[in-house]
Amino acid sequence: MTQKDNWKIWEVFIRSKNGLSHKHAGSLHAPDAEMAIKNARDVYTRRNEGISIWVVESEAITASSPDDNDPLFAPADDKVYRHPTFYEIPDEVGHM
Amino acid sequence: MTKEMNLEERFQNYVDQENKIEPKDWMPEKYRKTLVRQISQHAHSEVVGMLPEANWITRAPSLRRKVALLAKVQDEAGHGLYLYSAAETLGADRADMVQDLLDGKAKYSSIFNYPTPTWADMGAIGWLVDGAAIANQVMLCRTSYGPYSRAMVRICKEESFHQRQGYEIMMTLAKGTAVQKKMAQDALNRWWWPALMMFGPTDDESPNSAQSMKWKIKRKSNDELRQEFIDKTVPQAEYLGLTIPDEHLKWNEETGHYDFGPIDWEEFYNVIKGNGPCNKQRLGARQKAHKEGEWVREAANAYANKQAERARKEKGAA
Ligand SMILES: [Fe+2]
Ligand SMILES: [Fe+2]
């Protein structure tokens, strides 16, 4: 009997070393979380790329839509006062 | 209609400014289709590409060579997986892609339909076949589709050891006994022309190339890549003291490139059509592996279902 494997897609996140955040490495197929971790270890950490793996079902991720990029991100464009260089502090004060 | 045109213009503009396209961005249907075809073919090539070398793992001449070859072949499996994932981001279904390969409906690089009768073929493959693949993949690191580009960056990082281990094998043989050197030369003779064919038909014979270049899926033409590869490889062959099997091969002072003889495109199309020396054998090996792995996939599914069921019950009881 042949059936489509109906394995879920998992997104893989890897922490390369302690002190750094997990970073998205890619995705893979697996029937469950346990196998997803095992596959992620073989697929994404063959060269000491990580010391910790997270796997998340792709379906569980909600993403912002590229169509909303303007309303979401444009408002930050004109807020220069959120950056340190906006403020004038004389050099004599020293590094601040 | 005009709205569609506007979208396409905007898309082209966005690409022209060297922006990467991401899965949820609007893209022309033909861009998506071209990528799904190209990426899935690329994935199949990585997977089928394991076969000619796997043939030699158990017969490697030393443990050092064996672990290297094993690691290389395992990398190729990984490359196939990265690429199937990239194709999935475009809405392609992995099971369908795999099925197309098994049914003989999908293409993969014709180079893998050549046999590997001697150990020297492991050297020639790493040096020439991975070398040619690298030239193509380095270019694809800058492809306009984000997930494909990222897969390529990862792949390129892993590829350079593939070529080096191959060249090291060639070096050992070329500096060995007369018989070993002859073996290396024989492998070069057999792999040289098929390796040049890996870059695909000449520019005037590849009609879809222009659109791919415009969309920045491809960044260099087939002929450009082929020439680069030849220019880079000729000195490497000279270093080995081996002769490239092309009587027309000659440095051209004016162009600053090597001139080379005509490629037998009839052979190329013939192998693509399925008449290469190993097409049937390769496909047969894939089908057999897939069939023999079926019980593993089924067992994994059964286990996953049982665990999920148990978790549901425990939750219900609590
Ligand atoms: Fe590869
Ligand atoms: Fe490779």
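Chain letters run A, B, ... following the sequence lines, proteins first and then strands; every chain starts at 1.
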Would you say [atom1] of [X] has more than 12 non-hydrogen atoms from neighbouring residues, nucleotides or ligands within 6.0 angstrom?
X	atom1	result
B:Arg164	CZ	no
A:Asp78	CG	yes
B:Glu309	CD	yes
B:Arg64	CZ	no
A:Lys17	NZ	no

Calculate, to the nearest 0.5 Å, the distance between atoms [atom1] and [atom2] belonging to [X] and [Y] respectively.
X	Y	atom1	atom2	answer
A:Asp32	B:Gln307	CG	CD	7.0 Å
B:Arg154	A:Tyr44	CZ	OH	6.5 Å
B:Tyr82	A:Leu28	OH	CG	10.5 Å
B:Arg94	A:Ser27	CZ	OG	6.5 Å
A:Asn69	B:Asp25	CG	CG	8.0 Å
B:Tyr303	A:Met35	OH	CE	10.0 Å

B:Glu158 versus chain A, heavy atoms under 4.5 Å apart: side chain, backbone, both or neither?
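For B:Glu158, heavy atoms of backbone and side chain both lie under 4.5 Å from chain A.
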
Looking at side-chain heavy atoms only, is the closest gap between B:Arg297 and A:Trp7 below 4.5 Å?
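Yes. Closest side-chain heavy atoms under 4.5 Å.
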
Work out which heavy atom in B:Ala304 is nearest to a heavy atom in A:Pro31; give both atom names and the distance.
CB-O, 3.5 Å

Minimal non-hydrogen separation, A:Pro66 against B:Lys24, with atom names:
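For A:Pro66 versus B:Lys24, the nearest heavy atoms are CG-O, 3.5 Å.
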
Which answer fits A:Ala25, side chain, backbone, both or neither, if we ask what part of it has an atom under 4.5 Å from a heavy atom of chain B?
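Interface part for A:Ala25: both.
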
Please flag which part of A:Ala63 lies under 4.5 Å from any non-hydrogen atom of chain B: side chain, backbone, both or neither.
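The answer is both parts of A:Ala63.
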
Just checking heavy atoms, which of residues 134-153 of chain B are less than 4.5 Å from chain A?
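Counting heavy atoms that sit under 4.5 Å from chain A, no residue of residues 134-153 of chain B is involved.
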
Scan side-chain atoms only and decide if A:Asp67 and B:Trp26 contain a donor-acceptor pair under the 3.5 Å cut-off.
no

Under a 4.5 Å cutoff for heavy-atom pairs, which residue among B:Thr89, B:Val98, B:Asn305, B:Asp75 has the most contacts with chain A?
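Option with the greatest count: B:Asp75.
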
